[in-house]
Amino acid sequence: MVATLRPTLGPFPRGVLVAPERGVGREPEWIDSGGLIARRMVQLADEYADPGAMFVRHMVWRLHEDVGDGTVTAAVMFQELLEQGMRFIAAGNDPVLLSRHLNAAMESICTILAAQAMPIEGRRQVTGVAESICADTSIAMVLGEVFDIIGAEGCLDVRSGLRSGIEREYTEGMVCESTVLSPPLRPGSIPDQIELENAALVISDLEVTNPRDLLPAMELALSMEAQALVLVVDRLSEEALALLNINHRRGALPCFAVRVPGLRRDEQIAALEDIAILTGGAPLRREAGATLTAIAPGHLGRVRRAWANPTHFGLARGNSDPRTLRAHLRVLRRAFEDAASFPVRHALQQRIGRLSGGCAAIRVCGATSVETSTRVALVQRIVRVLRSALRRGVVPGGGAALLACRSAVHADDADDYKRAAYLMWQCALSAPARVIAANAGYDADAIIKALNALPAGFGCDARSGRLTDMRLARILDPIEVLIAAVRTAGSSAALALTIEAQIYRRSPSTSIAP
Amino acid sequence: MNDAHEQYDPVYALVATRQGPLFAGRHSGLFYTTDGTTWASLPVDPTPGRSRSITALVQTPEGSDLFAGSYGYVVRLTIDGTLHLVSVLPRPLPMVTTLVVSPNYVHDGIVLAGTAKDGVFRSIDRGEYWVPWNIGLLDHRIIDLVVSPTFAVDETVFAATESGVFYSVNGGRSWRMSAFPCDDDPVLCLAVSSGLAQNVMVYAGTEGGMLLVSHDQGRNWCSMTGITIGDQPINSLACIADTMLVIALSDRLLLIEDILSPHPHITCELCDHHNITTLTCIAPAPGTLIAITGNINGHIACLRLR
C-alpha cells in the first residue's frame with residue numbers, strides 16, 4: 001500500500017493508473033493523490049496482507065477526508081515507525097510501553113511544529129503555497145488570485161469547464177443552489193437567466209396551493225415601493241405559478257420563485273436564516289404556523305439585485321443590518337471552530353462564505369475527460385489545503401519542518417523504551433524529505449546528510465536540487481496538514497505495534513467504505 | 001467666493017487644482033471658478049439640458065483630469081472643463097458618494113467609487129467600465145473612501161461606512177473588517193497621512209464626535225489622545241504634511257498640530273462656520289495653510305489657518 005503511494009510525494013509526483021471497472025467503454029483513472037489511490041485499493045489478493053493494507057487504507061483515507069492532504073507524508077512516516085518498532089519488539093521488548101513513548105514524543109513534535117508556523121497573506125504567498133503543493137504554475141496563479149480575493153472563508157465552486165485550461169469568475173452577493181419554480185427557465189432556453197432590481201423577498205418554506213395566498217405579499221411589496229418580488233418557497237401549485245407568471249409577463253410585478261435551498265431540513269432552515277439576515281427580513285416557517293396571508297412588512301427582505309438561472313439564484317446587496325450580520329458571522333465562525341466532523345465544518349464554511357458578499361468559480365478543462373477529472377480533483381484538493389494554510393499558517397515545506405522537529409526527540413535518555421521511541425521518530429521525521437529527494441532523482445542519503453549540517457528550515461528544493469531556506473524559496477506546507485500527518489502516523493503506528501494476532505474470515509466481506 | 005448659489009444647494013465636494021481652477025460639486029451640478037468669485041456651470045449630465053447633483057469629485061494625481069460622480073454615472077473631464085467620458089454604472093443605478101483615484105493612476109488607471117447603498121465599484125480603465133467589488137464588505141453604505149499613499153505597493157484602500165471602517169489590501173477587490181471600537185457610530189470621514197515622516201497613519205471622524213487613529217494600516221483603531229472635540233459630528237478631515245490635521249465639525253473648524261507627538265494641540269479654532277460638509281486644504285506658500293470649505297447651504301469659504 002505505502003509503496004504505491006510513495007512515488008506521488010513531492011513536486012515531481014508520478015501517478016498511479018487505476019484499471020477501469022468492468023464494462024465496455026470505461027476509462028482508466030490517473031491519480032496522484034494518496035488519499036484517492038488508497039480509496040481505490042479495496043482489497044489485496046493476498047488475504048494475509050489484506051487486513052494490514054486496509055488498516056493503512058483507513059488511516060490514509062481518513063486523513064484525506066479530514067484535511068485533504070498529507071496522506072503520503074503520513075504513510076511514509078507510518079511505515080518507518082512500524083518497521084523500526086517491529087525490530088524493537090522482535091528483540092523481546094514490550095509493545096505497549098513503546099506505544100506510550102511514541103505517543104508522548106508525538107506531542108513534543110507537534111509542539112515544535114506549531115512553533116514554526118507563520119501566517120500567509122496576499123496573492124504572492126498563496127500562489128507560492130499552491131505551487132509547492134501542485135507544481136502547476138497556471139493552477140497556482142489562479143488559486144493565488146482567487147484566495148487573495150475571497151479569503152480562507154470565501155465561497156468557491158470548482159468544476160469542469162468547456163474551454164481548455166483554467167478559468168475563474170466572480171459573482172457578487174449570495175449564490176444558492178436551487179430550482180427555479182417560476183417563470184419557467186430551462187438550460188439552453190432563451191432567456192436562461194432572469195434579473196430583478198430593488199426586489200422584496202418572501203423568505204419561507206411554505207407550500208402555496210391557493211394563488212390568493214400570494215396576494216397579501218404582492219400588495220405589500222408594491223406598497224413598500226419594491227420594483228420586483230422574489231419568493232422562496234417549498235412548493236407552488238399550478239394556479240399560484242400561473243398568477244406569478246401573468247404578473248411577471250405583464251410587468252405589473254416582475255418576480256421569480258425559487259425552492260428553498262438545501263436537501264435536508266437542517267440545511268433548509270440554515271439557508272432561510274441566512275437569507276433573512278442578509279436581506280433584513282424574517283423567515284416564515286411552517287413549524288411556527290406561519291402563513292402567507294398573515295405576512296407583515298417586517299417579514300419582507302429587500303435586495304438591490306436578484307437573479308436566477310435554472311440551477312442557481314443569487315441575491316446581491318441585501319438590506320441587512322451590518323451589526324446583526326457581523327454577530328451572525330461571529331456565531332457561525334465560533335461553531336466552525338468547535339465543529340469536529342468534516343461535513344459540519346464544510347457546511348458552516350459554505351454558510352460563512354455565502355454571507356461574505358461574493359463567490360468565485362473555477363472551471364478546469366483538460367485535453368481528455370480523464371485529464372479534466374484529474375485536474376478538477378487536484379484543484380479541489382489544493383483548495384482545501386489553501387483554506388487550511390490561510391487559517392492556521394504554514395511551515396517550511398519539502399519535509400524541512402519535520403526535519404527541524406528532530407531536536408524535540410533527541411535520543412540521549414537512559415530509558416531504553418524512550419530512546420527507542422525517539423530513534424524511531426528521528427527516522428520517521430526524515431522519511432518525507434528522503435522520499436521527495438529520491439522521487440526527484442537525487443541521492444537521498446547525501447541530501448539528508450548535507451541538511452543535517454544546515455540550520456532549521458533548510459531543505460532540498462527538488463526542482464533545482466539545491467539546498468535552500470524553504471521560506472525564502474516559498475516552498476511551504478500548511479501547518480494543519482503536517483500536524484495531522486504526524487498525529488495520524490504516530491497514533492496509527494502506536495496502535496499497529498500493539499496488534500498481537502489477526503483473525504481471518506472464511507469469506508472476506510468487501511466494502512467500499514473505509 | 002459665493003454668488004447666487006446661497007439657497008439650499010449643499011456643496012458635496014471641492015477640488016482645488018494645482019493649476020488654479022477650484023471645482024465644486026453641488027446639489028445643482030458641477031461648478032468651477034478661476035478667480036474665486038465668479039462661478040460657472042459645467043454641463044456634465046448625460047441628458048442634455050438637465051443638471052444633476054454632483055456628489056463626489058476627485059482629481060487625478062498628475063492633475064490633468066477630474067472625475068465627478070452623481071446618481072448612476074461618473075464623468076471624466078479635463079481641468080479646462082472638456083468632457084472626456086460619461087460612464088453609466090451597472091444597474092440598479094447607484095448614488096455615488098465618494099471617488100478616489102489610485103496614486104499610481106498613470107500606470108494602473110484604477111478609480112474607485114463608493115456608493116450610498118451599493119458598496120464599492122472599481123474601474124481599471126480610467127473610469128470607462130465599472131464593476132461592483134463587495135466581497136467581505138458587510139456594510140454597503142459607503143460614506144468615504146481613501147487610498148494609501150503607497151497604493152502602488154500595498155494596494156490598500158479604506159472605506160468608511162455606517163458601521164465602521166473596512167480595508168482592502170488588493171486594490172478594492174475584497175474587503176476586511178477593521179477592529180473598530182464603535183460599530184454603532186457612523187464614520188463620516190477618513191484621512192490618511194503621506195507616510196513620508198513615518199508609517200502611514202489613518203484618521204477617522206465619526207458622527208458621535210470621535211476622532212480615531214490607526215497606526216497599522218487600518219487593522220486596529222484607537223481614540224486620539226490629548227484632543228477633546230465634544231460630541232459634534234466630524235464631517236470632514238484633512239491631514240496636512242503628516243503633522244497637521246484639519247477637522248470640520250458641524251459648528252467650527254479646528255487645526256490640530258503635532259499630531260504625531262503624545263501631546264497634539266489645537267492651534268486654530270474658527271467658530272463662525274456652520275454645517276460644513278466638505279473641506280479641502282491648500283498651502284500656497286511655505287508656512288501658510290488655507291482651508292476651503294463648503295457647507296449645507298451652498299456657502300463656500302476660504303479660511304486662513306496659518
Side-chain angles (χ1 to χ4, degrees), chain A residues 121-126 144-156 169-175 195-199 226-228 277-280 302-307 315-330 333 352-360, chain B residues 71-72 89-95 114-122 124 130-143 153-157 159-187 216-217 219:
Chain A
E121 193 180 57
R123 183 176 177 168
R124 199 162 163 260
Q125 285 189 338
V126 180
E145 183 202 290
V146 166
F147 274 99
D148 181 38
I149 290 170
I150 66 168
E153 297 171 335
C155 194
L156 175 58
E169 63 179 24
Y170 303 95
T171 311
E172 192 199 2
M174 173 192 258
V175 179
E195 291 209 26
L196 302 177
E197 290 175 15
N198 294 320
Q227 292 168 8
I277 285 174
L278 198 75
T279 60
R302 296 296 294 266
V303 281
R304 292 279 286 160
R305 186 171 159 261
W307 58 267
L315 306 168
R317 300 172 231 159
N319 187 33
S320 60
D321 174 5
R323 292 158 202 94
T324 312
L325 183 54
R326 282 181 197 187
H328 183 59
L329 280 169
R330 269 198 297 273
R333 286 191 181 112
I352 294 168
R354 272 198 314 218
L355 289 166
S356 299
C359 293
Chain B
Y71 172 70
L89 298 176
R91 293 185 68 87
L93 294 180
M95 170 60 84
T115 64
K117 286 182 184 172
D118 297 275
V120 175
F121 288 74
R122 184 176 189 262
I124 55 169
W130 294 83
V131 177
W133 280 101
N134 295 322
I135 295 176
L137 194 64
L138 304 182
D139 192 342
H140 294 124
R141 294 165 294 187
I142 307 295
I143 302 170
V153 180
D154 58 31
E155 293 190 82
T156 303
V157 191
T161 71
E162 289 202 8
S163 62
V165 176
F166 290 79
Y167 67 95
S168 165
V169 290
N170 49 26
R173 292 193 294 177
S174 66
W175 299 87
R176 299 172 197 187
M177 276 186 288
S178 287
F180 205 70
C182 39
D183 70 351
D184 55 349
D185 192 3
V187 182
D216 55 1
Q217 292 270 27
R219 271 70 164 173

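Chain identifiers are assigned alphabetically (A, B, ...) following the order of the sequence lines, protein sequences preceding nucleic acid strands; residue numbering begins at 1 within each chain. For the numbers below, each heavy atom of this structure counts, side chains included, while hydrogens, waters and symmetry mates do not.
The number of heavy atoms from other shown groups lying within 6.0 Å of OH (A:Y170) is above 12. Annotation: B:L93, atom CG; neighbour count of heavy atoms from other residues, nucleotides and ligands within 6.0 Å is above 12. For A:R333, the CZ atom is densely surrounded, since the number of other residues' heavy atoms within 6.0 Å is greater than 12.
Residues A:R123 and B:N170 fail the side-chain proximity criterion, which asks for heavy atoms closer than 4.5 Å. Side chains of A:R305 and B:P90 form no contact here, defined as non-hydrogen atoms less than 4.5 Å apart. In this structure, A:R317 and B:P132 have side chains that are in contact, with non-hydrogen atoms separated by less than 4.5 Å.
Only the backbone of A:L355 comes within less than 4.5 Å of a heavy atom of chain B; no side-chain atom from C-beta onward does. Of the two parts of B:W133, only the side chain, counted from C-beta on, holds a non-hydrogen atom closer than 4.5 Å to a non-hydrogen atom of chain A.
The pair A:E121-B:R176 meets the salt-bridge criterion, since a charged nitrogen lies less than 4.0 angstrom from a carboxylate oxygen.
Separating the CZ atom in B:R173 from the CD1 atom in A:I150 is a distance of 12.5 Å, to the nearest 0.5 Å. In this structure, CZ on A:R304 lies 7.5 Å from OG1 on B:T115, to the nearest 0.5 angstrom. The CG atom of B:L138 lies 7.0 Å from the OG atom of A:S356; values are rounded to the nearest 0.5 Å.
Of the possible donor and acceptor atoms, one in the side chain of A:R326 sits under 3.5 Å from a partner among the backbone N and O of B:S163.
No other option in B:G136, B:P92, B:G164, B:S174 has as many heavy-atom pairs under 4.5 Å with chain A as B:P92.
In this structure, A:E172 and B:N134 approach most closely via the heavy-atom pair OE2-ND2, 2.9 Å.
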